[in-house]
Amino acid sequence: MTTLPLLSAHVLLPLYALTLLAAVLVLTAVRRSWRWAALAIAAGALVGAFLSWYLGDVLDVLGVPPTWVDRVWTGVVCALLGVAVVGLVRGGRGRRGRRLTRVVAALLVPLALVSGGLAVNRDAGLFPTIADALGQSHVPPLRLPDDPDAGSGPIDAADWRPPHDMPSHGRYGSVRIPGDVSHFHARPAIVWLPPAALVEHAPALPVVVMLSGQGPGAAPANIIEAGRMAARLDAIARRDHGLAPIVVMPDQLARASNNPMCVDGPLGNSATYLTSDVPTWVRTHLHAATRAEDWAIAGFSQGGTCALQLGAGRPDRFGSWIDVSGQIGPILQDRDDTISRGFNGDRAAYEAAQPLRVLAEGAPYRDSTAFVAAGADDSRYGPVVPVVVAAARAAGVRVTERIVEDGGHDWHTAGVALAEGVEWFMQRTHLTR
């Protein structure tokens, strides 16, 4: 049951049809009270428009503005709830009719709420299954290669030939990366190994450290499940005869509701975890390249902000960064809240952590590259792209800019742009033939 696909039309369409049928039955039963029904529908739609505006635009409860799908479905749900209220109050004709109408109207309430919630979820692509919505990952433990030190050195794609027994697909699974240096209490990470990493005498492959966003249900598994990254990476590797970077998806949050902002502070030493503990684990357990130019930091939303921060601040660790729909810098509720909770009230530390300042002070960057992307319909984080691109180029970073057509601040944009970022990084590391 927990693997029920919540984004599938085969699941959603019958639910929508059942909800519509319940609404029609209620409206038919109260047709003599059509004025009340019309008033309830109109009032519900207006309440929905107000809630969408107030919660989404004024209070910014989700951190991103509502899409037109969010706004329409909020109005539809509130209109359906208006129909349910009329059915509960007015009922049908006769005692039996009133009882039946009220039962259907009562059922309409959860049907409307669930239909609307799943429609919004499908638009964002956040929870592919019930397990994802409950915060349960069904990513199995990763079976690591037997001897990560038994491979060859970094290779040129033109010189490498895949063995006849190389798997046709990569392998992914969960691993626990301890915070030995940072003491950061991270949840399990996910690692994807390309086919070239699964053979004897595997080459030392480049590494992409890829981060999810932050918010309800945020976890490394979002990248695999909502971003469909394993399938995208398999397609990339297939085009290059099994070659692709190792992709490590660590937890930079500790829990979905937490935002350490990829700095070291009272909310957790996330920066040290990502720049020390994670690379140490990768070098110890996987046959990975070690040069900074062979490592990239990537992420979506809050993870994209982290990629910008660490790409700008640690070019000795990450020679490239992939920033998809990130913010212009680390932020919590607002500037004062960020300084208070994230930096122990130290305004100077907050200012020093701003990536545009870091870029300016670290210029010139002689061997750093960046891939900066956002959705064309992302009205909040899309405008950040040209600002970041201009600052990075002014600091000497070689930048590729990408705007995803028909993309908002969602996992469609994230999946497309992160996969394209990996392909872009393969050009940098000479993995593409």
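Model, not experiment: these values are computed from the prediction. Worth knowing before you read on, the calculation uses all heavy atoms, side chains too, and leaves out hydrogens, waters and symmetry mates.
- Proximity of the aromatic rings of His185 and Tyr273 is defined here by a centroid distance below 6.0 angstrom, and this criterion is not met.
- Considering only residues two or more places apart in sequence or on other chains, Cys262 meets the disulfide (SG to SG under 2.5 Å) condition with Cys306.
- Side-chain contact between Pro245 and Val207 is absent, with no heavy-atom pair separated by less than 4.5 Å.
- Across all non-hydrogen atoms, the minimal contact from Leu7 to Arg122 is O-NE, 3.0 Å.
- For the atom pair CD1 (Ile177) and CE (Met249), the distance works out to 10.5 Å, reported to the nearest 0.5 Å.
- Counting only distance, with no hydrogens or angles, the side chain of Arg238 and the backbone of Ser168 share no donor-acceptor pair below 3.5 Å.
- With values rounded to the nearest 0.5 angstrom, Trp73 atom CH2 is found 14.0 Å from Ser52 atom OG.
- What you find for Ala298 and Leu418 is that their closest heavy atoms are CB-CD2, 4.2 Å.
- When side chains are defined from C-beta on, Trp36 does not count as touching Val89, because their heavy atoms never get closer than 4.5 Å.
- In this structure, CD on Glu293 lies 10.5 Å from OG on Ser368, to the nearest 0.5 angstrom.
- Interatomic distance, Ile297 CD1 to Leu308 CG, rounded to the nearest 0.5 Å: 11.0 Å.
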request  = Go through the steps to decide whether Val416 and Arg232 satisfy the test side chain to side chain contact (heavy atoms under 4.5 Å, CB included), and finish with yes or no.
outcome  = CA-CA 8 Å; Val416 169; Arg232 297 180 192 275; 4.0 Å; yes
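- In this structure, the side chain of Arg402 does not engage the main chain of Gly375 through any donor-acceptor pair within 3.5 Å.
- Relative orientation of the Phe50 and Trp53 rings is tilted, given thresholds of 30° and 60° on the angle between their planes.
- Between the side chain of Arg71 and the backbone N or O of Ala49 there is no donor-acceptor pair closer than 3.5 Å.
- A donor-acceptor pair under 3.5 Å links the side-chain atoms of Asn222 to the main chain of Ala219, judged by distance alone.
- Counting heavy atoms from C-beta outward, Asp180 and Trp281 have side chains that stay 4.5 Å or more apart.
- For Arg228, the CZ atom is loosely surrounded, since the number of other residues' heavy atoms within 6.0 Å does not exceed 12.
- Side-chain contact, Asp337 with Ser340: no donor N or O sits under 3.5 Å from an acceptor N or O.
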task = Please assess Val208 against Val248 for the test side chain to side chain contact (heavy atoms under 4.5 Å, CB included), listing each intermediate value before the final yes or no.
result = CA-CA 6 Å; Val208 177; Val248 182; over 6 Å; no
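- Using bins of under 30°, 30° to 60° and over 60° for the plane-to-plane angle, the ring pair Tyr350/Phe343 lands in the perpendicular bin.
- Counting non-hydrogen atoms of other residues, nucleotides and ligands closer than 6.0 Å to CZ of Arg357 gives a total above 12.
- Side chain of Gln252 to main chain of Ser212: a donor-acceptor pair is present (N/O by atom type, distance under 3.5 Å, no hydrogens or angles).
- In this structure, the side chain of Arg317 engages the main chain of Thr275 through a donor-acceptor pair within 3.5 Å.
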task = Applying side chain to side chain contact (heavy atoms under 4.5 Å, CB included), run through Met210 and Val422 and close with a yes or a no.
result = CA-CA 10 Å; Met210 189 176 290; Val422 170; 3.8 Å; yes
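- By the 4.5 Å heavy-atom criterion applied to side chains, Pro330 and Gln354 are counted as neighbours.
- Taking the centre of each ring, Tyr365 and Trp321 stay at or above the 6.0 Å mark.
- When every heavy atom of Asp334 is checked against every heavy atom of Thr338, the shortest pair comes out as O-OG1, 2.7 Å.
- In terms of heavy-atom proximity, Ile331 sits nearest to Asn259 at O-ND2, 3.5 Å.
- Between Val109 and Ala84 the shortest heavy-atom distance is CG2-CB, 3.8 Å.
- With Asp264 contributing its side chain and Thr272 its backbone, the two residues share a donor-acceptor pair below 3.5 Å.
- Judged purely by distance below 3.5 Å, without hydrogens or angles, the side chains of Thr280 and Asp277 never pair a donor atom with an acceptor atom.
- Asp240 places no side-chain N or O within donor-acceptor distance of the main-chain N or O of Leu243, the cut-off being under 3.5 Å.
- Applying the salt bridge (charged side-chain N to carboxylate O under 4.0 Å, His left out) rule to Arg187 yields the partners Asp251; only residues at least two apart in sequence or on another chain are considered.
- Donor-acceptor pairing under 3.5 Å is lacking for the side chains of Ser325 and Ser301.
- The closest side-chain donor-acceptor pair between His169 and Asp234, if any, does not fall under 3.5 angstrom.
- Side chain of Asn344 to backbone of Asp346: no donor-acceptor contact under 3.5 angstrom is found.
- Taken from CG in Asp410 to CG in Asp378, the straight-line distance is 8.0 Å, to the nearest 0.5 Å.
- Between Trp192 atom CH2 and Leu233 atom CG the span is 4.5 Å, to the nearest 0.5 Å.
- Across all their heavy atoms, Pro266 and Gly342 have their closest contact at CD-O, 3.3 Å.
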request  = Check step by step if side-chain hydrogen bond (donor to acceptor under 3.5 Å, both in side chains) holds for Thr19 and Ser115.
outcome  = CA-CA 7 Å; Thr19 304; Ser115 295; 2.8 Å; yes
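- Within 6.0 Å of CD in Gln333 there are 12 or fewer heavy atoms belonging to other residues, nucleotides or ligands.
- In this structure, a donor-acceptor pair under 3.5 Å is absent between the side chains of Arg398 and Thr369.
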query = Going through the checks in order, is the side-chain hydrogen bond (donor to acceptor under 3.5 Å, both in side chains) test met by Thr429 and Asp294?
reply = CA-CA 6 Å; Thr429 55; Asp294 292 319; 5.3 Å; no
ask   = After noting the C-alpha distance and the side-chain angles of Phe184 and Ser270, does the key distance pass the side chain to side chain contact (heavy atoms under 4.5 Å, CB included) rule?
value = CA-CA 6 Å; Phe184 187 71; Ser270 182; 4.2 Å; yes
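- Inter-residue side-chain proximity for Pro141 and Val175 is flagged as unmet; no heavy-atom pair is nearer than 4.5 Å.
- Salt-bridge formation is detected for the pair Asp367/Arg428: a Lys NZ or Arg NE/NH1/NH2 atom is positioned less than 4.0 Å from an Asp or Glu carboxylate oxygen.
- Within the 3.5 Å criterion, the main-chain N or O of His409 finds no donor-acceptor partner in the side chain of Thr413.
- More than 12 heavy atoms of other residues, nucleotides or ligands shown are found within 6.0 angstrom of CZ on Arg335.
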